[in-house]
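To start, the structure itself, in structure tokens.
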Amino acid sequence: MWGLNLPIVLALAAIGGVLVWRRAHTLVWLLYSLGALWAFFKFGFVVPIPQSVATIYLAITGLALVAYASSSRERLAETVQPIKRLILEPRYRLALAGLLVALPALAAYNAYADLTMPLEAPGFGREIHPAPPPEITVHDETVNMTTGDNPYLHYKADDPELYGKHLENGRRVYYENCFWCHGDGMGGDGMFAHGLNPVPSNFNDVGTLPALQSSFVHWRIAKGGPGLPGPGTPWDSAMPAWEKFLTTEEMWDVNLFIYDFNGFEPRALGQH
Amino acid sequence: MTAQTRLRRQVAATFAVATVLLPLSASAQVDLGTEEQRAAGKVVYDKYCGQCHGDTGDGNGYATPRVKPKPRDFTTGTYKFRTTPNGMLPTDDDLRRVIEIGAPYTSMPGWPNLTSTEIQNVIYYIKSFSPDFENPDRYAEPIDIPRPLESTEESIARGRVVYEEQGCGACHGEAGRGDGASAPTLVNDKGDPIRAADLTQRWTYRGGPTKEDIYRTFSTGLNGTPMPSYADSLEVEDRQHLVNYVYSLGDADDPNYGTLITAVYSEEPLDLQDEEALDALFESAPMTRFPLVGQITEPGRNFFPPVTSIEAQAVYNRDEIAFRVRWHDLRADTSGRNNPSLEVPMWDEDNGIGGDATDAAGDSDDFFGDFGGEEAPAEDDFFGDSGDDFFGDGGDDFFGAADAGAGGAEFSDAVALQFPASLAPEETPELKPYFLYGDAQNPVDLWFVNLTYGVADTFRGRGSDSIEATEADIVEAVTSYDQGAWTVTYKRRRSSRAGVSFAEEQYTPVAFSVWDGFNRERGNKRALSSWFYVYTEPSAEQTVAGPVLRAALIVLAIELLVVFLVRRRARQQAAGEETAGTLTATEAPAV
Amino acid sequence: MKLSVPMPVRLVLLVVGTTAFYMYLGQIVPQKEAHPPPPVLISAEMTTEDLVAVGAELASGKGQCLVGCHTVGQSGPLRYPDLDGIGARAATQIEGLSGLEYLAQSLYEPAAFIVPGFADGMQPIDQPPISLSEDEMKAVIAWLQSLGGTPTVTLDTDLGY
Amino acid sequence: MNRNRILFGIGVLAFVSVIVTVRLGGFLVDNEYRQPDRQVAAQEEQGETELTPRQQGIVDEQAADEAEARARPYEEAEYRTVPFVGSRVTVWVLAQLHLLFAAFVLAVPLFAFIIEFVGYVKKEERYNKLAYEFTKLLSVSFSMTATFGAFLTFGLIILYPKFTNYLMHIFSPTFLPYVLLFFLEALFLYSYYYGWGKFGPKMHLFLGFMLNIVGTAIMFIANAWLTFMMSPGRRDDVDGDGVPDFVSAVSESGALLSLRDAFFNFTWMPINIHRIIANVAFGGSIAAAYAAFRYLQAKTDEEKAHFDWMGYVGNFVAIIAFLPLPFAGYYLAAEIYAFSQTLGIQMMGGTFSWLFVIQAALIGNLFLGANYYLWLGMGRMEGGVHFQKFIKWLLIAIALCFAVWATPRYAISSVSEIAAMGGSSHPQLSYLGQMSAKNTAVNILILSTYMSFLLYRRTGRQSVHPHRQLLTRAQAIVFSSAAALVIFYGVYGYYVDAAIRIRFAIPQVYSVLAALVVITVIDLPLYRNAAQSGETKWGRMPAVSQYALIFIALSFTWLMGLMGYVRSGLRQEWHVYGVILDTSPDAYTPTLGFATQVVSVTVLIFFGLLGVVFWLSSLGGKKDWEPKAVADGGDRLEGGQAA
């Protein structure tokens with residue numbers, strides 16, 4: 001459900017329930033919160049969340065817990081009380097010794113696990129949608145990235161029949177050329193997608209097409225991977241520069257089609 | 001991989017449903033849905049299906065000319081994946097299963113986002129294309145799929161006997177790699193060439209990877225293909241043994257694609273002629289499988305590469321580095337020519353393209369103007385609307401039964417490793433040459449082996465249209481073909497003046513290309529990979545003791561410090577209380 | 001007696017520590033330096049005259065002609081031939097080669113003809129480490145032609161290499 | 001006595017440094033022509049006519065140098081460089097420091113004026129005193145601003161002469177008003193500060209008012225210069241089709257077409273608004289840091305109480321101003337997007353997208369710190385424990401929002417993680433990385449912070465209003481319905497088109513603002529003349545709260561530095577976007593790591609200087625209100641610290 005590993009989530013919740021029932025001490029709660037969140041981030045998702053994000057979350061959690069523990073004098077005193085007792089009272093000497101051994105052992109194990117992780121190819125950050133140049137030239141036609149727009153979009157209101165023709169042409173172009181990578185359903189999961197890095201764009205994603213002006217999409221279609229600026233790692237992208245294969249009209253038509261297929265509108269000019 | 005796991009689960013679930021429910025539903029009943037349901041199905045069909053299967057269901061959509069295997073022609077009523085006996089119509093659940101999970105490694109994807117009702121409606125609509133579905137005689141009860149037998153050694157051995165007795169190897173090959181003697185000649189009932197499944201790569205099974213799937217395929221056959229049903233010729237038990245045998249041919253459900261070749265260090269000399277020593281060396285090196293896809297970015301677009309993956313490993317010693325790659329090919333094509341700079345047309349059109357071809361050609365005329373050279377006559381044919389393709393033998397397919405009959409393809413099999421000509425500067429480690437043969441600023445080196453000659457040539461690529469043979473580096477290679485598997489072993493000195501050097505602990509980008517001559521792959525028409533990496537493992541034994549010890553000591557030191565501070569403060573407090581001093585507000589909390 | 005850290009020290013620690021923490025955040029995110037696109041040296045519509053200017057720039061820059069090797073307008077015990085007047089001289093250096101061909105050969109295959117009195121030592125400059133592109137070679141040739149002669153090279157000229 | 005000694009020391013130091021500077025200058029100038037060997041040659045020339053060949057050589061060389069210098073034509077320099085750090089970093093740091101002090105100088109009069117006004121209306125002397133306490137920080141900061149302004153101007157003229165000249169070409173008519181206003185500001189500032197208690201209250205308030213007007217005007221003029229660099233043109237619907245068009249202020253070659261368009265350019269107003277609000281927040285936090293600094297030094301309870309209260313007010317001002325800041329930021333970002341898609345994507349999705357993850361960390365820290373301070377503040381009251389139980393839930397809400405805000409759209413991930421996720425965004429978490437979620441998070445953050453404040457406000461107080469139960473419930477309903485609305489729109493945003501979703505931000509903001517207003521309106525009568533269950537003990541704060549104030553100030557400063565970088569860095573290799581290209585070696589956009597290093601160094605320098613400002617401010621003007629003993633106590637401590 002929701003991409004969660006239910007057994008893990010339920011187990012963590014159950015422990016929390018037990019703590020409520022037993023009216024656990026603040027310190028126990030703090031330790032539980034940190035530990036449970038750690039476990040949740042690490043094992044709680046079917047698709048594991050990236051280490052970097054988990055680290056951010058845990059850092060925030062840690063900060064919040066420290067803030068909570070010290071948010072009043074009484075609570076601080078209450079929180080550190082067990083620690084003080086553990087350290088000071090002679091009868092806990094054995095437990096203290098145990099802790100003194102256990103924590104370094106844990107750290108050592110952690111370091112060991114880090115070192116023996118299977119090797120991976122180095123990954124590099126990449127800009128998914130890098131900024132376009134101010135204008136591009138496609139087949140001797142200059143398109144301004146800010147003011148440019150799909151020349152056929154207005155048919156939608158003005159001449160639905162002609163609009164339909166452009167859509168159909170776009171459909172043809174898409175299923176002749178694009179679906180190998182971007183997929184039949186435009187989920188970025190075509191039959192070749194698994195072999196490509198970066199993965200092809202997912203047009204179903206609400207954060208992709210609707211966030212872009214159609215001029216941007218035209219830029220990506222016409223200039224392809226080789227037309228990306230450096231931060232977009234043009235050397236990796238398998239997106240062809242379609243201006244080599246397609247006419248301007250075909251490119252605008254397929255642009256029209258991918259928006260229409262997913263029920264999205266391009267970001268309008270000057271839209272916030 | 002999760003997608004694969006999910007797929008497997010869905011298959012299992014579907015079967016559970018199928019086996020429980022089907023006997024109850026009177027399958028012989030003709031259920032064509034209501035008018036509204038079919039109309040609703042048409043809406044979905046037109047949006048998601050028509051582009052391949054054709055708006056009239058004739059399997060002739062926009063994409064059809066370029067995909068292989070061809071999209072199903074619904075007007076024939078012939079379906080491959082069924083639980084019903086050979087020649088019969090599929091049940092609705094058979095259709096539903098394919099719609100939900102698709103057919104792996106074909107252009108038919110799964111449609112997990114369609115609702116159950118939508119799928120049912122589409123099924124009703126699809127059925128309306130063929131009159132067969134109105135004929136109650138074409139319906140049959142689904143077969144019974146028993147629980148798989150345990151994969152014991154005896155069962156597998158028995159399965160092997162069945163495999164041999166039934167002549168499975170004739171198509172699927174002795175070792176199951178899809179390389180049987182008649183494999184190159186296979187066509188379906190429409191005359192389209194098809195390939196026998198590579199049984200060692202379970203994840204590519206079109207009908208699904210589970211034992212139930214395999215059993216079903218034997219038992220019902222694949223309608224319209226040379227794959228027959230063994231329901232009559234084999235006992236259920238033998239079929240179950242055969243399932244176990246086939247299942248044992250592959251060692252994984254998932255391809256487990258990797259991203260890195262770890263080159264291991266060895267003190268031994270790397271002698272390509274000493275086969276045994278070499279095998280022993282590579283035994284110790286981890287093997288990584290990389291996905292290959294068609295080159296569809298540049299002219300020479302290859303929409304259906306038969307080779308979908310390649311395995312690679314590497315070892316190195318003080319001076320030299322050796323790579324070994326292995327992939328499956330249904331036939332060793334070692335008679336033709338091939339090299340990366342051979343010119344190719346925009347794409348090889350398939351049969352049945354008819355009038356559409358002129359359209360496509362018209363759009364790209366100016367582009368083709370740039371092409372010339374050896375393939376020129378081919379272009380003429382290709383753009384003529386005669387429908388003849390340029391192989392001239394009148395055959396409809398370019399898989400070319402005629403070629404096979406003549407004993408050799410026009411183009412030979414080949415493979416290439418691709419490396420950057422120079423490593424990226426340290427500040428920008430992500431910088432690489434363009435993965436398609438590099439570009440003018442950042443060239444690549446290709447270690448190319450034409451398997452006709454079995455020696456390595458080096459090429460320098462400065463873009464797809466600028467590839468030249470170089471002799472900057474001496475790369476040696478040995479090749480072998482064994483039961484459908486090519487193995488090529490490369491060797492070069494680690495350091496190079498002109499090309500990339502393999503220093504220890506270095507990540508070197510690498511990419512692969514495979515040409516299947518039988519598929520007329522040559523030049524830029526090939527199966528390729530994106531950039532991956534070779535990591536040259538440090539030669540010295542790595543120790544983890546140091547960092548581990550350091551981590552432990554740091555934590556211990558912090559602990560001791562805390563204990564010390566707390567105790568000391570407690571002592572002071574005690575002393576303070578004795579002198580009746582209390583802490584002021586500012587001092588109370590420890591910061 | 002008191003174990004606490006003095007307030008100013010705490011303040012400084014807080015200030016430096018917090019700043020360092022934020023700086024650390026800045027270090028762990030992906031690091032990318034975005035350079036402006038390199039200036040376009042040679043474009044398709046350049047005239048011969050433009051090429052001469054670009055060639056001159058290349059000669060003292062990327063082309064490395066004037067960096068420790070050749071000179072223009074000097075005499076004496078030089079390492080390599082002085083280039084002054086080469087534009088006029090080129091046509092007569094080798095029989096059968098026009099001025100343009102001679103210059104092209106000198107750049108692409110320096111070893112093919114060594115000016116008497118000098119040692120062989122020049123590298124083909126279309127190859128690494130200098131790696132001039134064909135257009136850049138044309139610009140350099142245009143510049144060479146302009147030294148004592150009339151430049152004729154355009155970007156459409158076929159150098160024969 | 002201590003102070004005298006210090007002043008004497010400073011005097012001596014100043015004297016010595018003047019002499020050293022003069023000597024050093026003379027040495028440098030002379031030395032250019034007086035290298036030892038040449039001197040010898042020249043002297044010998046006088047005495048003897050015969051020169052050794054070596055001497056002759058030296059003389060010749062000298063003559064040749066001179067001849068060359070004479071023959072050299074005069075050339076306009078385009079750029080000059082600074083050794084080691086480079087021109088860009090020099091100007092960057094100078095501009096940043098100038099801006100930080102300027103922001104402070106502009107902001108403090110704003111709320112000093114308001115506090116004084118409140119004091120005037122309420123007729124409470126303590127407000128007046130507080131306003132004066134704030135103003136004390138002004139005069140030194142004003143000098144600092146002017147100093148760094150001069151530094152910056154020289155820096156620009158020296159290092160970027162051609163470009164500076166270009167800006168002068170565009171904006172020269174604005175310089176005279178600018179200088180005049182600056183002069184006026186000095187006049188008002190000093191009369192406001194020194195005239196405290198000498199003018200009548202109305203006259204004094206008028207001075208404060210004028211000070212603010214003039215200061216704001218100065219900022220508006222300067223904003224025109226810098227926003228012009230980003231968007232050299234005005235937004236106007238020229239063709240009347242309802243879609244705003246871009247009217248360029250300069251021709252393609254860069255010549256000025258219309259000063260009006262250059263001045264009232266696209267991003268000018270957004271920046272003005274953003275800066276005023278940010279300045280107040282920043283000024284408040286710095287003033288609070290000053291109070292914290294003094295609190296930590298304070299020895300007596302009166303002093304503690306005073307500075308505790310001052311810190312509280314400063315922080316209150318900072319947080320109140322901070323709440324609308326994200327919206328001002330969105331407005332600015334939206335205008336940038338509208339001006340140019342390239343700039344917009346550059347900012348949000350491109351090179352700078354990671355910068356906004358850092359920004360999220362900073363803002364999250366700010367909210368957390370502010371709330372933390374309020375919670376600790378409950379300790380001032382008797383019976384503050386009552387509300388402690390809410391803290392847990394507030395904290396959870398804040399941490400959740402913080403986490404949502406810090407969730408990157410595309411995570412840094414290893415190759416296998418990318419493979420598992422099927423891309424750079426996680427199937428579930430990527431929802432949190434989108435604008436809908438982040439808008440929601442920031443609105444909830446604001447609501448939670450306000451909730452903290454409300455709880456703080458009623459700690460130790462018991463309402464005596466006849467309908468207190470009803471009113472409290474009404475507040476709860478308003479609060480929860482605002483939260484529900486915000487969350488509803490946040491979630492619903494995923495089900496609609498982007499074009500519609502973007503508009504959801506507006507009802508979210510309005511419902512939050514409305515809730516704040518309504519709750520405040522209810523709260524005022526509710527707790528008027530409330531029964532105190534215990535006394536508010538100003539000065540009864542743990543030291544850690546004061547460090548929290550300083551932490552907040554520091555985060556604010558750092559955030560300002562970072563945002564200054566992104567605003568300026570957005571232009572990438574352009575001096576004036578799309579018009580004047582930066583061709584200097586510094587034209588590239590540095591890595592975020594490098595930028596944060598520069599920001600950090602700037603912040604450290606600023607805090608170092610701030611320490612000096614605080615110390616100087618604490619030197620003078622105490623005797624007016626404070627008992628002698630306190631002043632002495634303070635002096636002793638400061639003296640000790642300085643020594």
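Protein chains get the first letters and strands the later ones, always in sequence-line order, with residue 1 at the start of each. All of these numbers come straight from a predicted model, not from anything done at the bench.
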Side-chain contact test, heavy atoms from C-beta onward, threshold under 4.5 Å: evaluate it for Y48(B) versus D184(A) and give yes or no.
no
- Message: Once you measure the plane-to-plane angle for Y257(B) and H194(A), does it fall in the parallel (<30°), tilted (30-60°) or perpendicular (>60°) bin?
- Response: parallel
Sorted by chain and number, sequence neighbours left out, side chain to side chain donor-acceptor pair (under 3.5 Å) with E559(B) holds for none
Turns out that what part of L96(A) lies under 4.5 Å from chain B's heavy atoms comes down to side chain
dist Y62(B):OH -> E176(A):CD (nearest 0.5 Å) comes out at 8.5 Å
| Does M239(A) reach the side chain of T297(B), with side-chain heavy atoms less than 4.5 Å apart? | no
>> Can you confirm whether P234(A) sits close enough to D439(B) that some side-chain heavy atom of one is under 4.5 Å from a side-chain heavy atom of the other?
In response: no
Interatomic distance, CG@N204(A) vs CG@N113(B), rounded to 0.5 Å, equals 7.0 Å
Most heavy-atom pairs under 4.5 Å with chain B, out of N177(A), D189(A), D114(A), L86(A), belong to N177(A)
The interface call for N110(A) against chain B, heavy-atom contacts under 4.5 Å, is neither
If one checks every heavy atom of F303(B) against chain A at 4.5 Å, the contacting part turns out to be both
Take atom OH in Y507(B); do more than 12 heavy atoms of anything else shown fall under 6.0 Å from it? yes
With sequence neighbours left out, the residues meeting side-chain contact (heavy atoms from CB on, under 4.5 Å) with L31(A) are L27(A)
Counting C-beta onward and ignoring hydrogens, is there a side-chain heavy-atom pair between K244(A) and E298(B) closer than 4.5 Å? yes
### Task
Would you mind reporting whether V562(B) and I87(A) have side-chain heavy atoms less than 4.5 Å apart?
yes
Problem - Greater than 12 external heavy atoms within 6.0 Å of E161(A)'s CD - result: no
Item to complete: Check whether any side-chain heavy atom of V566(B) lies under 4.5 Å from a side-chain heavy atom of K84(A), and answer yes or no.
Response: yes
The interface call for F435(B) against chain A, heavy-atom contacts under 4.5 Å, is both
**Prompt:** Would a 4.5 Å heavy-atom cut-off, applied to side chains only, mark R66(B) and W180(A) as touching?
**Reply:** yes
Chain B shares the most heavy-atom pairs under 4.5 Å, among L103(A), V80(A), L100(A), with L100(A)
* Asked: Does a sphere of radius 6.0 Å around CG in L561(B) hold more than 12 heavy atoms from other residues, nucleotides or ligands, not counting ones at 6.0 Å or beyond?
  -> yes
Whatever's closer than 4.5 Å to a heavy atom in chain A on C52(B) counts as side chain
CG of L431(B) to CH2 of W235(A), rounded to nearest 0.5 Å, is 4.5 Å
Between the CZ atom in R301(B) and the CZ atom in F245(A), the distance rounded to the nearest 0.5 Å is 5.0 Å
Turns out that what part of S70(A) lies under 4.5 Å from chain B's heavy atoms comes down to neither
Applying a strict 4.5 Å limit to non-hydrogen atoms, the region of F261(A) in contact with chain B is both
| Short question: side chain of S530(B), backbone of G195(A) - any donor-acceptor pair under 3.5 Å? | yes
Ranked by heavy-atom pairs below 4.5 Å to chain B, first place among G224(A), C181(A), A238(A) goes to A238(A)
P547(B) and A111(A) have their tightest heavy-atom pair at O-CB, 4.2 Å
d(S107(B) OG, F179(A) CZ) to nearest 0.5 Å is 5.0 Å
OH (Y434(B)) and OG1 (T233(A)) are apart, to the nearest 0.5 Å, by 11.0 Å
Audit row: R171(A), D55(B), salt bridge (charged side-chain N to carboxylate O under 4.0 Å, His left out) steps and yes/no:
CA-CA 12 Å; R171(A) 181 168 175 243; D55(B) 290 341; 3.3 Å; yes
When the 4.5 angstrom heavy-atom criterion is applied to T259(B) and chain A, the contacting part is both
Considering only heavy atoms from C-beta outward, does the side chain of W531(B) approach that of N197(A) to under 4.5 Å? no
Honestly, the part of E249(A) sitting under 4.5 Å from a heavy atom of chain B is neither
Looking only at F192(A), Y109(A), W242(A), most heavy-atom pairs under 4.5 Å shared with chain B are made by F192(A)
The interface call for S309(B) against chain A, heavy-atom contacts under 4.5 Å, is neither
